[in-house]
Amino acid sequence: GWLRSVSLQGLDAHWRNELARIVPELRSGNIALQPMTENWQRQVFFEAMMRALPSQNEPILLLLDDIQWCDQDTLEWLRYFSHFDKKARVLILATLRAEELSSNPILQSLLVDLRAASQLTEMELDHLNEKQTATLGAHLLGKNFSEADSLSLFRESEGVPLFIVELANAGIRVESTRGTGAGAHSSRVWPGGPTEGSQARPAYARPCRASRARHRRPPGREARRRRR
């Protein structure tokens, strides 16, 4: 986790021992930590995590992907964090599937409070259009697409960046019409997939379709940025 990616050398031993609850190698000596059964113990632990951030010399970016799936403890820490040190050089970037927000009332309450405190910047992200899809695909693969190939990629990915990346990671390669005259034929070459001229869907497209079924959502996945 992020606590292992930052330097904690300047952090007081008391707070380091609290953090040892989730990063055992931070424990000093034979100190035994008591189970957190009381609210005040949770608050001390939250403060320890908070103090680990201002101890850094550089600004920090924390990423929370799919924040709607965060557990209650994480969301309560975020609420604590939002009130602790408003001068901390920390930016939390969180992504949220807006259609799943209704299933997490704790997160709903947190977002309401952050908006009221002007600590939240919200950006709604829509599907990419065909041109944007081709641009992203070309960037990922290091090559430009023909008009036909751009349309093929757009139809396969539906303009969802996640699916475009999945296709690129699978090594998508497309080739235009080959041959001339009566023997000409349109072909697509897919690594690990069918031979030229075959109309079967590429093998890697099947897991992409399965992922699409899990992640399908209406346009408007939102990226929420909490400002310090």
Side-chain angles (χ1 to χ4, degrees), residues 1-2 4-5 60-75 77-78 90-108 110-111 114-115 120-176 187-194 198-227:
W2 63 270
R4 287 190 169 93
S5 67
I60 294 176
L61 171 67
L62 295 181
L63 173 62
L64 289 175
D65 194 21
D66 286 318
I67 192 174
Q68 75 278 356
W69 294 337
C70 282
D71 58 22
Q72 180 176 341
D73 287 339
T74 300
L75 296 176
W77 177 74
L78 288 175
V90 180
L91 177 69
I92 296 179
L93 178 63
T95 62
L96 165 68
R97 299 180 188 278
E99 70 276 11
E100 297 181 19
L101 178 59
S102 60
S103 63
N104 194 330
I106 297 177
L107 177 57
Q108 292 181 55
L110 174 61
L111 295 178
L114 292 176
R115 290 189 193 102
L120 183 68
T121 298
E122 300 175 81
M123 295 181 292
E124 185 171 323
L125 306 181
D126 206 343
H127 291 192
L128 302 183
N129 59 33
E130 183 180 341
K131 181 178 180 180
Q132 293 167 332
T133 296
T135 299
L136 178 57
H139 173 74
L140 293 170
L141 296 177
K143 60 176 292 185
N144 292 323
F145 292 125
S146 68
E147 183 176 345
D149 294 338
S150 295
L151 180 59
S152 177
L153 179 61
F154 177 66
R155 287 175 174 173
E156 185 63 37
S157 67
E158 299 179 359
V160 179
L162 170 63
F163 302 149
I164 299 170
V165 172
E166 286 180 343
L167 290 168
N169 286 342
I172 180 176
R173 181 165 61 89
V174 289
E175 294 186 358
S176 301
S187 67
R188 288 284 188 272
V189 179
W190 311 95
S198 169
Q199 297 302 311
R201 187 169 298 280
Y204 71 80
R206 289 192 289 273
C208 182
R209 288 293 187 183
S211 174
R212 184 171 308 172
R214 293 192 304 270
H215 296 286
R216 186 174 296 278
R217 52 175 174 74
R221 171 170 177 160
E222 296 181 0
R224 301 178 182 266
R225 182 172 57 192
R226 205 189 69 70
R227 298 175 299 180

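Between atom CG of residue Leu111 and atom CG of residue Leu114 there is a gap of 6.5 Å, rounded to the nearest 0.5 Å. Summarising the geometry, atom CD belonging to Glu122 is positioned 8.5 Å from atom CG belonging to Leu96; distances are rounded to the nearest 0.5 Å. Taken to the nearest 0.5 Å, the CD atom of Glu158 stands 10.5 Å off from the CD1 atom of Ile164. Note: Asn104 CG to Leu110 CG = 9.5 Å, rounded to the nearest 0.5 Å.
Residues Ile67 and Leu78 are in side-chain contact: their nearest non-hydrogen atoms beyond the backbone lie under 4.5 Å apart. Counting heavy atoms from C-beta on, the side chains of Pro161 and Leu128 come closer than 4.5 Å.
Of the possible donor and acceptor atoms, none in the side chain of Glu130 sits under 3.5 Å from a partner among the backbone N and O of Phe154. When atom types are taken as modelled, the side chain of Gln132 and the backbone of Asn129 share a donor-acceptor pair closer than 3.5 angstrom. Side chain of Ser152 to main chain of Ala148: no donor-acceptor pair is present (N/O by atom type, distance under 3.5 Å, no hydrogens or angles). In this structure, the side chain of Gln108 engages the main chain of Leu101 through a donor-acceptor pair within 3.5 Å.
Residues Gln68 and Thr95 share a closest heavy-atom pair of OE1-O, 4.0 Å. The two residues Leu167 and Ser157 come nearest to each other via the heavy atoms CD1-CB, 4.1 Å. The nearest pair of heavy atoms linking Gly137 to Leu153 is CA-CD2, 4.1 Å.
Residue Asn144 qualifies as open at atom CG: its count of foreign heavy atoms under 6.0 Å is 12 or below.
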